[in-house]
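Keep in mind the model is a prediction, meaning the values are calculated, not measured. If you read the sequence from its start, that first residue is 1, and numbering goes on from there.
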Amino acid sequence: QVQVVESGGGLVQAGGSLRLSCAASGRALRTYIMGWFRQAPGKEREFVAAVNWILGDIYYGDSVKGRFTASRDSAKNTLYLQLSSLKPEDTAVYYCAHATDYATYYNAPDYPYWGQGTQVTVSS
């Protein structure tokens, strides 16, 4: 079993920045990929970013490319998301997800373990 805990959400003005963190833990933890997804009220869950722990590759959703930066600290089993140039449409609950085995990075059902989510609200 893997536990996933997010932190770092909050309220920020448009154009501002936030940093989200996501820590994974568990016995004999093995990580293939960790990712960020978000869900706004009335909308479907959307892929934001992911980091392949094996290859080091980083992937981004089209709506956040050039504004958000994903990174990791492998020793701490922690994934980060730096949110910059925030827009009101970035307002959502941001979820961290973890997969121990192969997962298609943008496909939410491929991730077995999820955090509780952290709210990001961007005011105009």
Side-chain angles (χ1 to χ4, degrees):
Q1 193 73 12
V2 177
Q3 291 76 45
V4 178
V5 179
E6 307 100 334
S7 61
L11 173 64
V12 64
Q13 288 188 333
S17 300
L18 278 176
R19 189 191 196 206
L20 307 183
S21 300
C22 171
S25 62
R27 286 187 61 185
L29 181 66
R30 184 178 76 248
T31 301
Y32 176 82
I33 192 167
M34 291 183 70
W36 291 100
F37 293 78
R38 67 185 183 185
Q39 188 164 20
K43 294 188 177 181
E44 293 187 353
R45 191 164 294 192
E46 176 189 14
F47 168 72
V48 175
V51 177
N52 184 306
W53 239 246
I54 308 301
L55 302 175
D57 294 346
I58 303 177
Y59 314 95
Y60 295 98
D62 289 342
S63 62
V64 306
K65 282 180 182 176
R67 300 188 299 120
F68 292 7
T69 303
S71 62
R72 63 171 173 170
D73 184 331
S74 297
K76 296 181 179 179
N77 295 311
T78 300
L79 175 71
Y80 302 99
L81 185 68
Q82 179 69 40
L83 295 71
S84 301
S85 301
L86 282 161
K87 305 174 182 179
E89 50 264 44
D90 293 317
T91 295
V93 177
Y94 283 69
Y95 296 92
C96 180
H98 179 284
T100 58
D101 297 303
Y102 177 79
T104 299
Y105 65 87
Y106 55 80
N107 192 35
D110 281 3
Y111 293 78
Y113 305 105
W114 290 78
Q116 78 288 352
T118 186
Q119 177 71 46
V120 171
T121 302
V122 184
S123 62
S124 57

- Message: Is there a path of hydrophobic side-chain contacts, each under 4.5 Å between heavy atoms of I/L/V/M/F/W/Y residues, joining Leu83 to Val122?
- Response: yes

- Query: With sequence neighbours left out, what residues match Arg67 under salt bridge (Lys or Arg N to Asp or Glu O under 4.0 Å)?
  - Reply: Asp90

- Work out which heavy atom in Thr121 is nearest to a heavy atom in Gln119; give both atom names and the distance. OG1-NE2, 3.3 Å

- Centroid-centroid distance, Tyr59 to Tyr106, less than 6.0 Å: no

- Query: Looking at Leu79, Ile33, Asp57, Thr31, which one forms a side chain to side chain contact (heavy atoms under 4.5 Å, CB included) with Val51?
  - Reply: Leu79

- With hydrophobic residues grouped by side-chain heavy-atom distances under 4.5 Å, do Tyr60 and Val48 end up in a single group? yes

- Smallest separation among heavy atoms of Ala24 and Val2, with atom names: CB-CG1, 4.3 Å

- Should the pair Trp114 and Phe37 be assigned to parallel (<30°), tilted (30 to 60°) or perpendicular (>60°) ring geometry? tilted

- Message: Check whether Tyr111 reaches the backbone of Tyr105 with its side chain - one donor and one acceptor, N or O, closer than 3.5 Å.
- Response: yes

- Could you state the interatomic distance from CG (Asn77) to CZ (Arg72), rounded to the nearest 0.5 Å? 10.5 Å

- Message: Applying disulfide (SG to SG under 2.5 Å) as the test, list every pair that has at least one member in residues 46-94; sequence neighbours left out.
- Response: none

- Query: Can you tell me how far the CH2 atom of Trp53 sits from the OG1 atom of Thr100, to the nearest 0.5 Å?
  - Reply: 13.5 Å

- Lys65 meets the salt bridge (Lys or Arg N to Asp or Glu O under 4.0 Å) criterion, sequence neighbours left out, with Asp62

- Do Ile58 and Leu81 belong together in a cluster built from hydrophobic side chains that touch within less than 4.5 Å? yes

Side-chain donor-acceptor pairs of residues 5-20 under 3.5 Å, sequence neighbours excluded:
from: Glu6; atom 1: OE1; to: Gln116; atom 2: N; distance (Å): 3.1
from: Glu6; atom 1: OE1; to: Gln116; atom 2: NE2; distance (Å): 3.4
from: Glu6; atom 1: OE1; to: Gly117; atom 2: N; distance (Å): 2.9
from: Glu6; atom 1: OE2; to: Cys96; atom 2: N; distance (Å): 2.8
from: Glu6; atom 1: OE2; to: Gly117; atom 2: N; distance (Å): 3.2

- Residues two or more places apart in sequence or in another chain: which of them pass ring-ring contact (aromatic ring centres under 6.0 Å, His included) with Phe68? none

- Those residues that, when tested against Ala92, pass side-chain contact (heavy atoms from CB on, under 4.5 Å) (two or more places apart): Arg38, Ala40, Tyr94

- Distance in Å, Trp36 CH2 paired with Phe47 CZ, rounded so as to fall on 0.5 Å steps: 12.5 Å

- Item | Separation between CG of Asp101 and CZ of Arg30, rounded to the nearest 0.5 Å | 4.5 Å

